[in-house]
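The structure appears right after this line, and notes come after that.
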Amino acid sequence: MYDVLIIGAGPAGLSAAIACREWNLSVLVIDEFPKPGGRLLGQLHEEPDGKWWNGIEEAKILLEKAKQLNTEIRCSISAHHIEKNDHGFNVYTNEGVFEADNLLIATGAAETPAPLPGWTLPGVMSIGAAQVMTNVHRVRVGNKGIVVGVNVLSVAIAREMQLAGIDLQCMALPALNPVTADYGNPVKVMEGLLRIAHLAPSAAIRFGSSFLKGDGAKDLAVKFFPKSGVKMWGMPIHLRKAVTRINGKNQVESVTICDISAKGEIIPGSEKTVEVDFVCIAGGLYPLAELAAVIGCPFQYIEELGGHIPVHNEQMETPVEGLFVAGNITGIESGKVARAQGTLAGLSIANRVIGTDGQLENQIQQAKMNVKTIRENATIQFHPGIEKGRNQMEETFYNILHG
């Protein structure tokens, strides 16, 4: 019987484990991936101050600290069921059943790629898969490709692939359909790009984006968006072109791309064929929260946080006694926020195990402030209105506890 079992060895899970071990709790961390680090292992980007955020190095730092504290971390273990009992939790995995008094679910997020004809061909992959292959496994995903879907995540990963020497023809939207209503709408995509305009290598792009805050300005900007796209790092980003089909017999050979109106409607007769040997499809991310649902944790749909979220308070505690959550399962944010949330969750668990302790309470308060500060200073915002979503979650948690 462990004091706490942590599902997920990403930035949130590892940080929580460190915080728990520093208070001498018995901890087991499990992860279905062959190595710890989670989404950190694929992240690499340059920040506004010119410094590089290297997820692999950040993961090494966390892992080394966890090892120094004799933290038990077991990979290639997949949890498929959880039972709540009078003493804590039984976690069912491919390696048997583990018991713990407290449970932290830090399973992160999963992708929602936008489907289009031909997407089952070999050579088509999600943007996240391309990131893992490139940055973690050092595998070249192809010689010349295209990214279908323009958002915060895909732009960042496209840059990572460029840095690895991979030739990207361009980035374009998926053809508009009921599934791609958000991803294929040029105005909605423009709203997302404005949140990362400060990362653009061109001063003109950064300056021009400051004038596009109003809805009317965004509509006008899309209407007059250059047909040749706007180049970032030498790669055209198209908001007035959409990929309608991926072509090939036994593997990807080309894509069909069309001009579209400012509303995303295909312009007849504008079809062109672009030869590529791989395609990355980017939709978005949603919290990977099925295990919390199995236990009976209540959920709340909050668009600003990315979907259906397990109800939790500021200290990462859910209404289910002994159950905590941290990281992207609580809302789609950066790895830095996930890491800070993990520390807070670990301290909250220690507080539940140890009881009232002045030093621990001070650390919890500092950890709360740290989460807020990192969130406010985040280089990349996946969703607008994060703070609004967090406040709504706090209100939901209070209402559940107090009726």
Side-chain angles (χ1 to χ4, degrees), residues 1-22 25-44 54-83 88-111 125-126 128-139 285 287-292 294-295 316 323-330 334-336 338-343 345-346 349:
M1 176 73 80
Y2 294 90
D3 288 325
V4 56
L5 189 149
I6 298 172
I7 302 176
L14 289 177
S15 297
I18 290 168
C20 288
R21 286 298 300 138
E22 286 177 337
L25 272 61
S26 59
V27 178
L28 171 63
V29 182
I30 62 173
D31 195 293
E32 63 182 1
F33 200 66
K35 60 176 70 174
R39 289 285 180 179
L40 280 180
L41 297 177
Q43 294 180 12
L44 177 67
N54 187 327
I56 292 178
E57 293 303 317
E58 297 296 328
K60 285 180 180 178
I61 292 171
L62 288 174
L63 185 58
E64 183 60 32
K65 191 169 184 179
K67 287 182 176 179
Q68 290 174 358
L69 294 167
N70 298 315
T71 308
E72 185 177 354
I73 302 173
R74 299 179 62 177
C75 291
S76 299
I77 295 183
S78 177
H80 54 80
H81 182 62
I82 302 171
E83 288 180 348
F89 301 88
N90 291 330
V91 179
Y92 292 79
T93 76
N94 59 312
E95 293 289 337
V97 181
F98 298 100
E99 299 180 357
D101 292 327
N102 299 277
L103 177 65
L104 170 64
I105 302 180
T107 41
E111 290 185 80
M125 67 202 77
S126 72
Q131 183 186 45
V132 171
M133 291 173 68
T134 302
N135 294 344
V136 180
H137 300 298
R138 299 294 195 264
V139 173
L285 296 172
L288 196 59
E290 291 84 350
L291 288 175
V294 167
I295 311 172
M316 318 313 297
L323 175 64
F324 296 77
V325 288
N328 277 351
I329 187 177
T330 74
S334 71
K336 292 182 180 180
R339 186 174 58 186
Q341 285 183 326
T343 298
I349 294 169

**OP:** Taking the side chain as every heavy atom from C-beta outward, state whether Lys65 and Arg21 have any pair of such atoms under 4.5 Å apart.
**Re:** no

Original post:
Do you know which two heavy atoms are closest between Ala79 and Thr93, and how far apart they sit?
Top reply: CA-CG2, 4.0 Å

**OP:** Using the side-chain contact (heavy atoms from CB on, under 4.5 Å) rule, take Leu14 and Thr71 through it: C-alpha gap first, then chi angles, then the decisive distance, then the call.
**Re:** CA-CA 9 Å; Leu14 289 177; Thr71 308; over 6 Å; no

Original post:
If you look at every heavy atom in Val4 and Cys20, which pair is closest and at what distance?
Top reply: CG1-SG, 4.0 Å

Original post:
Nearest heavy-atom pair of Asp31 and Gly10: which atoms, and what distance?
Top reply: OD2-N, 4.2 Å

Subject >> Gap between atom CD1 of Ile56 and atom NZ of Lys35 - 0.5 Å precision >> reply: 7.5 Å

**OP:** Keeping the roles fixed (side chain from Glu72, backbone from Leu28), state whether a donor-acceptor pair exists under 3.5 Å.
**Re:** no

Subject >> Test item: Ser15 side-chain N/O and Ala12 main-chain N/O as donor-acceptor pair under 3.5 Å >> reply: no

**OP:** With the side chain counted from C-beta on, respond yes when Asn102 and Leu25 share a heavy-atom pair under 4.5 Å apart, and no when they do not.
**Re:** no

Original post:
Is the count of non-hydrogen atoms from other residues, nucleotides or ligands lying under 6.0 Å from Glu22 atom CD greater than 12?
Top reply: yes

Original post:
Which pair of heavy atoms, one from Val29 and one from Ala9, lies closest together, and at what distance?
Top reply: CG1-CB, 3.8 Å

**OP:** Would you give the length of the straight line joining atom CD of Glu95 to atom CD1 of Ile30, rounded to the nearest 0.5 angstrom?
**Re:** 10.0 Å

Original post:
Any donor and acceptor pair, going by atom type alone, linking the side chain of Asn328 with main-chain N or O of Gly108 inside 3.5 Å?
Top reply: no

Subject >> Side-chain donor/acceptor of Ser26 to backbone N/O of Asp3, under 3.5 Å >> reply: yes

Original post:
Hey, is the main chain of Gly128 close enough, under 3.5 Å, to the side chain of Glu111 for a donor-acceptor pair?
Top reply: yes

**OP:** Drop me the distance from Lys60's NZ to Lys67's NZ, to the nearest 0.5 angstrom.
**Re:** 11.0 Å

Original post:
Closest heavy-atom contact between Ala345 and Ala326?
Top reply: CB-CB, 4.0 Å

Subject >> Gap separating the CZ atom of Phe89 from the CG atom of Leu104, nearest 0.5 angstrom >> reply: 10.5 Å

Original post:
Heavy atoms, side chains only, cut-off 4.5 Å: are Ser76 and Pro34 in contact?
Top reply: yes

Subject >> Taking every non-hydrogen atom, the tightest pair across Ile18 and Leu62 >> reply: CD1-O, 3.5 Å

Subject >> Leu103 and Ile7, any side-chain heavy atoms less than 4.5 Å apart >> reply: yes

**OP:** Please lay out, stage by stage, how Leu63 and Ile73 fare under the test side-chain contact (heavy atoms from CB on, under 4.5 Å).
**Re:** CA-CA 9 Å; Leu63 185 58; Ile73 302 173; 3.6 Å; yes

Original post:
Can you tell if the side chain of Val294 reaches within under 4.5 Å of the side chain of His81, non-hydrogen atoms only?
Top reply: yes

Original post:
If you measure from CD1 on Ile105 to CG on Leu5, what distance do you get to the nearest 0.5 Å?
Top reply: 10.0 Å

Subject >> Nearest-0.5 Å distance, CD1 of residue Ile329 to CD of residue Gln341 >> reply: 10.5 Å

